Amino acid sequence: MLNLIVAPYSYCENAEKFTKRIVAFLKQAKEEYAVFFSSSIDEVASNTKQLVAEGENEFVVVGDDVILSTFINSIKDVSKIKFGIVPIKKCDDFATFLGLSFNPIQAIKDILEKNVDSVDYLIANDIKVLNNITIGASAEIFDVINQYKTKNAIAKKFIAKQNLNKFDGVEITYYSRNKAPQTDTFFEINIANGGLSRGKSVNPLSNVKDGLFNFNYATIMDKREQKKYLSMQRSGQQIYDDKTKQHWLNNLKLFSPNKKIKAIIDGKLVTLEDLSITIVENGLKIYKNK
């Protein structure tokens, strides 16, 4: 039976609106299903945990990247479940990267075909990551913007410019298995499974089916070059810039001397003492159109 996990109405009105259309279709198609609405994101997690505890293993997530992240991080062993995705926003990164339909009826039709596609995901400490992790200037700017009430495009641009001028890089030591530790002052670090971040193509080389993630970075640079570099990153063009170094890895550890690494993980800002990243190859079983 398909269990529909629906994003809260307070979070996004589209979720319940799309679900009503999906339910009408499922009734007409005489499919077996159950719907679980939530009043909060925390309730999305508790509903998911309860259903898994009861032995349910087929799901449809009507939600965006935040809801998807909440969903998979509520399940201890995701290898035991299969799920489909009905996107609710045009900038849903994971759904876009997988090429899923943004029409809710077509999305549920594709899910009902029950074609399972296995894709990779990252584990950052104990966090399951679908898309990517960003550390450095972007994370610092993102943190400051979140502290302001006014977040229109003009305000964001002003805040970004002001704080970029103050940013002197972040010192980090990193190493991968069988490699000697290296320490440097970084301007920007991107660790990518999926290649989109907040609707932007930050890594066109990403591949969620190869058992590797792309670790690319630029060390601290001249102030005049910083704005240009971030602009390139919003379209993924930094990958081809001479200042970018990159590696394809299946594990990575990062340490900061002050035990404070600020990172954007799947669109959410977190601060960690250190960061240990591994990849789970073919770890997610997703209902997807062929």
Side-chain angles (χ1 to χ4, degrees), residues 2-23 35-49 51 58-75 78 81-111 117 119-122 124 127-134 138-139 142 145-146 151 153 156 192-203 206 208 234 263-270 283-289:
L2 289 179
N3 296 278
L4 277 66
I5 303 294
V6 185
Y9 182 85
S10 59
Y11 177 76
C12 181
E13 296 178 13
N14 283 346
E16 292 195 9
K17 188 189 304 181
F18 288 177
T19 301
K20 289 175 182 177
R21 292 174 60 189
I22 291 167
V23 165
V35 181
F36 298 88
F37 294 105
S38 301
S39 60
S40 66
I41 291 178
D42 286 344
E43 196 172 344
V44 169
S46 60
N47 282 339
T48 301
K49 289 176 183 176
L51 287 165
E58 285 192 299
F59 296 88
V60 175
V61 180
V62 186
D64 65 355
D65 294 296
V66 171
I67 304 302
L68 277 171
S69 178
T70 301
F71 171 74
I72 67 166
N73 279 288
S74 302
I75 302 169
V78 292
I81 64 116
K82 300 171 186 175
F83 66 98
I85 303 168
V86 178
I88 57 173
K89 296 177 181 177
K90 289 183 179 179
C91 63
D92 290 358
D93 294 330
F94 196 61
T96 301
F97 197 74
L98 293 182
L100 304 183
S101 175
F102 277 68
N103 178 300
I105 299 304
Q106 187 57 55
I108 196 66
K109 285 181 178 178
D110 292 340
I111 290 166
D117 194 22
V119 303
D120 306 339
Y121 69 93
L122 305 179
I127 304 168
K128 299 181 183 74
V129 183
L130 295 168
N131 296 302
N132 42 63
I133 302 165
T134 303
S138 292
F142 188 74
I145 287 174
N146 282 347
K151 296 178 183 178
K156 286 181 179 179
N193 183 45
L196 301 177
S197 177
R198 290 174 286 168
K200 305 296 184 181
S201 176
V202 296
N203 197 322
S206 293
V208 294
R234 287 192 286 272
I264 303 171
I265 298 182
D266 275 354
K268 183 179 179 180
L269 187 73
V270 299
L284 298 176
K285 298 180 177 66
I286 299 176
Y287 291 129
K288 184 178 177 291
N289 57 312

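This chain uses plain numbering: 1 for the first residue, then up along the sequence. Quick caveat, the model's predicted, so the values are computed rather than measured. Side-chain atoms are counted along with the backbone in the values below, which use heavy atoms only and exclude waters and symmetry mates.
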task = Decide yes or no for S74 and V44: does some side-chain heavy atom of the first lie under 4.5 Å from some side-chain heavy atom of the second?
result = no

query = What pair of heavy atoms forms the shortest contact from L196 to F97, and how long is it?
reply = CD1-N, 3.9 Å

request  = Any chance you could measure L100, atom CG, to I111, atom CD1, to the nearest 0.5 Å?
outcome  = 8.0 Å

request  = Would you give the length of the straight line joining atom CG of N203 to atom CG of N193, rounded to the nearest 0.5 angstrom?
outcome  = 10.0 Å

ask   = So how far is it from K49 NZ to N73 CG, rounded to the nearest 0.5 Å?
value = 9.5 Å

ask   = For D65 and N131, does a side-chain donor sit closer than 3.5 Å to a side-chain acceptor?
value = yes

ask   = Can you name the closest pair of heavy atoms from A124 and V129 and give their distance?
value = CB-CG2, 3.9 Å

task = Check whether any side-chain heavy atom of I5 lies under 4.5 Å from a side-chain heavy atom of T48, and answer yes or no.
result = yes

Test item: E13 side-chain N/O and Y9 main-chain N/O as donor-acceptor pair under 3.5 Å = no

message = Has N103 got a side-chain atom pairing as donor or acceptor with Q106's backbone, closer than 3.5 angstrom?
response = yes

message = For F83 and Y287, I'd like to know if the aromatic rings sit close, meaning centre-to-centre distance below 6.0 Å.
response = no

ask   = Which heavy atom in L269 sits nearest to a heavy atom in A139, and how many Å separate them?
value = CD1-O, 3.8 Å

key: Any donor-acceptor N/O pair, K20 side chain to A15 backbone, under 3.5 Å   = no

inquiry  = If you compare all heavy atoms of A192 against all heavy atoms of N132, which two are closest, and at what distance to 0.1 Å?
reply    = CA-CB, 3.7 Å

ask   = How many angstroms lie between atom CD1 of I264 and atom CZ of R198, to the nearest 0.5 angstrom?
value = 4.5 Å

request  = For V86 and A107, work out which heavy atoms get closest and say how close.
outcome  = CG2-CB, 4.1 Å

query = Can you find a side-chain donor-acceptor pair between S101 and D110 that sits under 3.5 Å?
reply = no

ask   = Would you call I81 and F71 a side-chain contact if the rule is heavy atoms closer than 4.5 Å?
value = yes

query = Does the side chain of K288 come within less than 4.5 Å of L98's, by heavy atoms?
reply = yes

task = Please assess I286 against K82 for the test side-chain contact (heavy atoms from CB on, under 4.5 Å), listing each intermediate value before the final yes or no.
result = CA-CA 6 Å; I286 299 176; K82 300 171 186 175; over 6 Å; no

message = To the closest 0.5 Å, what do you measure between CD1 (I72) and CG (L284)?
response = 5.5 Å

query = Is any side-chain heavy atom of D64 closer than 4.5 Å to a side-chain heavy atom of F94?
reply = no

message = To check you understand the geometry: which heavy-atom pair defines the closest contact between R234 and K200, and what is its length?
response = O-CB, 3.2 Å

ask   = At what distance, to the nearest 0.5 angstrom, does OG of S69 lie from NZ of K268?
value = 7.5 Å

key: F102 CZ: over 12 foreign heavy atoms closer than 6.0 Å   = yes

